[in-house]
Amino acid sequence: MTAMPHAIKTMHAIFLDVDGTYADFGVVPAAHVRAVRAARKAGHKVLLCTGRPVSMLPESILGAGFDGLVASAGAYVEVAGEVLLDRRFPDDLAARTVAVLDAHNAVYVLEAQESLHVAAAAEQRLRAIIEGHFQRSPDGHAQGSSAILGSLRPWSANSPAFAKVSVFEAPMEMGLIAAEIGAEIAVVANSIANEGSHAGELYQRGISKADGVAVAIERLGIARADTIAFGDGQNDVEMIAYAGLGVAIDGSSPELLALADRTAPPPSREGIATAFADLGLL
């Protein structure tokens, strides 16, 4: 990895993954909020770049104030309140996806920007899985689970088109489920509930956080070389590789660490605040 620069004078576009990077079990350290506000005051643009849809981003995460948002792992982009990109599953692909998941009795959430949707038959199983995950947080925070459970709505034919699917429990590996749905579907590890190979996020192949970053910086008028991206998960791989400076959180996968230019501590050690200070962004 290259040596850390002593200071950064140029205006940069900074992209922050949420879970495991900016927030810990859905809770944002106060030092991270202060760092985001200070970096923006210094003239930089700070955006969230998350696998979550807008409907899974409560005020507790957005409260620092951001210049934009890449959501649904690159399927949705918003800058200064203007929606630049909003890609959803086409009707036929959505129907196939739901049919295959239901055939395997999977527990899943259909993620739309407006709301989250769950099959009525699986709602209680989903609530138990999510509540169990967030109870494992160091302080037993309920705040993280409420961002998901508070936005849940029953799935119906009249529900809005979804951008991504989070599967929390299935009887078979996610790669097999994705293959059964069709070649248009890709899978990545679930960043909220770590349930092994029988959980994951299903998304339209060819969409990544890097695509969202590209759309955002074009609107901002900032060069790719002047982007800084922070992430810790498998859906951050393309973003870290694309950014002018890629920062992986300590403990990330070997693949992500190999792509990154440097590392930063996790949220439990206020890593974003530390990295912003080290990079001269404050």
Side-chain angles (χ1 to χ4, degrees), residues 13-29 32-33 35-36 45-79 81 83-88 109-116 130 133-134 143-148 150-151 162-166 168 186 188-194 200-204 207-217 227-243 246-249 252 256 264 266-267 271-272:
I14 305 162
F15 294 86
L16 303 176
D17 169 56
V18 172
D19 296 288
T21 301
Y22 182 62
D24 191 22
F25 287 90
V27 178
V28 180
H32 285 189
V33 173
V36 167
K45 302 297 183 182
V46 186
L47 302 89
L48 291 180
C49 192
T50 176
R52 294 186 181 215
V54 175
S55 54
M56 206 186 290
L57 292 169
E59 182 60 25
S60 59
I61 289 177
L62 298 174
F66 293 91
D67 296 288
L69 169 69
V70 176
S72 296
Y76 178 91
V77 181
E78 179 181 315
V79 172
V83 178
L84 305 178
L85 182 68
D86 188 358
R87 296 179 65 178
R88 315 275 182 123
V109 173
L110 305 173
E111 300 178 1
Q113 305 310 327
E114 302 85 355
S115 51
L116 309 175
I130 292 174
H133 169 75
F134 285 100
Q143 185 173 311
S145 62
S146 66
I148 303 173
S151 298
F162 53 88
K164 190 165 65 70
V165 184
S166 283
F168 292 87
V188 71
N190 192 307
S191 60
I192 293 178
N194 182 14
E201 298 179 2
L202 304 175
Y203 62 98
Q204 292 187 74
I207 297 176
S208 76
K209 288 185 177 183
D211 300 305
V213 169
V215 170
I217 62 175
T227 59
I228 305 173
F230 292 77
D232 76 311
Q234 285 305 107
N235 67 359
D236 296 314
V237 167
E238 293 87 355
M239 174 179 73
I240 294 297
Y242 179 85
V247 185
I249 303 303
S252 298
L256 196 66
I272 294 300

Suppose we screen for side-chain hydrogen bond (donor to acceptor under 3.5 Å, both in side chains). Which residues come up paired with Arg88, at least two apart in sequence or across chains?
Asp86, Glu114
Under the salt bridge (charged side-chain N to carboxylate O under 4.0 Å, His left out) rule, collect the residues that match up with Asp211, sequence neighbours excluded.
none
Within the 4.5 Å heavy-atom criterion, are Val109 and Val165 side-chain neighbours or not?
no
Report the C-alpha distance between Ile61 and Val18 in whole Å, list the side-chain angles of each, state the deciding distance to 0.1 Å, and finish with yes or no for side-chain contact (heavy atoms from CB on, under 4.5 Å).
CA-CA 8 Å; Ile61 289 177; Val18 172; 3.9 Å; yes
For Ala264, which residues count as a side-chain contact (heavy atoms from CB on, under 4.5 Å) partner, sequence neighbours excluded?
Val247, Ile249, Ala275
Test: salt bridge (charged side-chain N to carboxylate O under 4.0 Å, His left out). Region: residues 54-65. Which pairs qualify, not counting sequence neighbours?
none
Give the minimum heavy-atom separation between Gly231 and Ser252, together with the two atoms involved.
O-OG, 3.9 Å
Residues in ring-ring contact (aromatic ring centres under 6.0 Å, His included) with Phe66, at least two apart?
Tyr22
If you take all heavy atoms of Val54 and Ala71, which pair is closest and at what distance?
N-CB, 4.2 Å
Testing Asp67, Val70, Leu62 one by one against Leu48 for a side chain to side chain contact (heavy atoms under 4.5 Å, CB included), which residue passes?
Leu62
Would Ser72 and Glu111 count as having a side-chain donor-acceptor pair, cut-off 3.5 Å?
no
Give the minimum heavy-atom separation between Asp19 and Gly26, together with the two atoms involved.
OD1-N, 4.4 Å
Find the distance between CZ (Arg52) and OG (Ser166) and round it off to the nearest 0.5 Å.
10.0 Å
Output all residues satisfying side-chain contact (heavy atoms from CB on, under 4.5 Å) with Pro267, sequence neighbours left out; order by chain, then residue number.
Asp24, Pro29, His32
Any donor-acceptor N or O pair under 3.5 Å, side chains Gln113, Ser55
no
So which atom in Leu202 and which in Lys164 form the shortest heavy-atom distance, rounded to 0.1 Å?
O-CG, 3.3 Å
Show the nearest heavy-atom pair for residues Cys49 and Val213, with the distance to one decimal.
SG-CG2, 4.1 Å
By side-chain hydrogen bond (donor to acceptor under 3.5 Å, both in side chains), which residues pair with Tyr76, not counting sequence neighbours?
Glu78
Mind checking side-chain contact (heavy atoms from CB on, under 4.5 Å) for Ile207 and listing every partner two or more places apart, or none if nothing turns up?
Ala75, Arg87, Gln204
Taking only residues two or more places apart in sequence or in another chain, which ones pass side-chain contact (heavy atoms from CB on, under 4.5 Å) with Ala216?
Phe15, Leu47, Val77, Val79
To the nearest 0.5 Å, atom CG of Leu116 lies from atom CG of Leu110 at 9.5 Å
By salt bridge (charged side-chain N to carboxylate O under 4.0 Å, His left out), which residues pair with Lys45, not counting sequence neighbours?
none
For Glu238, is there any backbone N or O sitting under 3.5 Å from a side-chain donor or acceptor partner on Lys209?
no
Taking only residues two or more places apart in sequence or in another chain, which ones pass side-chain hydrogen bond (donor to acceptor under 3.5 Å, both in side chains) with Thr21?
Asp17, Asp232
